[in-house]
Amino acid sequence: VLCFDRAQFDPLWRVDTTLASQVQVKTEERKLLQKISLFAGLSSQQLTAVADRLQRRHYASGTIIVAKGMPRSHFFIVAEGEIEVIIEGGGNGRKGSGEHFGEYALFADTPYTATYRALTAVDLLLLDEPTFDRLAAECEQLAHTITQIGSGHMLASRQQTSPAGLWA
């Protein structure tokens with residue numbers, strides 16, 4: 001029989017429950033990554049490596065997360081809550097759980113092209129630029145998907161700024 005007094009047991013209990021909570025959070029983050037088409041080409045080990053490098057940040061409702069023109073720094077995944085995408089000249093949108101933004105700015109080495117504001121309290125998962133760059137260099141499918149996203153951004157920008165659309 002193993003006996004612990006209360007003073008010895010409480011710290012052990014807290015460590016055990018904290019560890020279990022951390023494992024559960026990382027499992028949820030990995031599941032979220034698996035649902036994002038951007039990461040479809042990653043191996044199980046790569047997904048785990050990405051999940052281990054994610055930083056969770058909370059933003060209050062109304063907070064500007066990224067302003068248009070800000071230097072690139074992170075790739076963002078919405079874990080919980082809703083974000084408003086504010087695009088100059090109209091065409092605003094929303095992003096919810098499992099959606100992402102910032103990948104094209106990182107890949108193309110450009111500032112962010114829109115403003116992102118928390119519509120509700122949001123939890124975001126952030127991947128820093130060096131980690132994102134390594135993933136794009138190592139995974140051809142990821143680089144291809146980001147290029148397609150970038151092409152879509154450029155076409156949308158041209159349509160918004162030119163009355164003649166694609167033929168201008």
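The analysis underlying the following values was restricted to heavy atoms, covering all of them including side chains, and did not include hydrogens, waters or symmetry mates.
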To the nearest 0.5 Å, tell me how far [X] [atom1] sits from [Y] [atom2].
X    : Y   : atom1 : atom2 : value
H58  : E80 : NE2   : CD    : 9.5 Å
E99  : I36 : CD    : CD1   : 9.5 Å
L54  : H74 : CG    : NE2   : 10.5 Å
T120 : E82 : OG1   : CD    : 6.0 Å

According to side-chain contact (heavy atoms from CB on, under 4.5 Å), who are the partners of [X], at least two apart in sequence or on a separate chain?
X   : result
I64 : A67, T115, R117
A79 : L32, R56, D123, L125
S73 : Y112
T63 : Y59, A60

Joint hydrophobic cluster, M70 plus V78, side-chain heavy atoms closer than 4.5 Å: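 In one cluster: yes.
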Cluster check Y104, I86: I/L/V/M/F/W/Y, side chain < 4.5 angstrom: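 Different clusters: Y104 never reaches I86 through Ile, Leu, Val, Met, Phe, Trp or Tyr contacts under 4.5 Å.
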Heavy-atom pair of closest approach, residues L119 and S61: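 So the minimum-distance heavy-atom pair works out to O-OG, 3.0 Å.
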Closest approach of A105 to P111 (non-hydrogen atoms, all atoms of both residues):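 Closest heavy-atom pair between A105 and P111: CB-O, 3.9 Å.
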Identify all side-chain donor-acceptor contacts of residues 126-137 below 3.5 Å with residues at least two apart in sequence or on another chain.
unit_1: D128; atom_1: OD1; unit_2: T131; atom_2: N; d: 2.9
unit_1: D128; atom_1: OD1; unit_2: T131; atom_2: OG1; d: 2.8
unit_1: E129; atom_1: OE2; unit_2: R72; atom_2: NE; d: 2.8
unit_1: T131; atom_1: OG1; unit_2: R134; atom_2: NH2; d: 3.4

Results of side chain to side chain donor-acceptor pair (under 3.5 Å) for R94 - residues two or more places apart only: none
Ring pair (Phe, Tyr, Trp, His ring centres under 6.0 Å) against F101, all qualifying residues, sequence neighbours excluded: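 Ring pair (Phe, Tyr, Trp, His ring centres under 6.0 Å) list for F101, sorted by chain: F76, Y116.
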All pairs passing salt bridge (Lys or Arg N to Asp or Glu O under 4.0 Å) where residues 60-69 contributes a residue, at least two apart: K68-E88
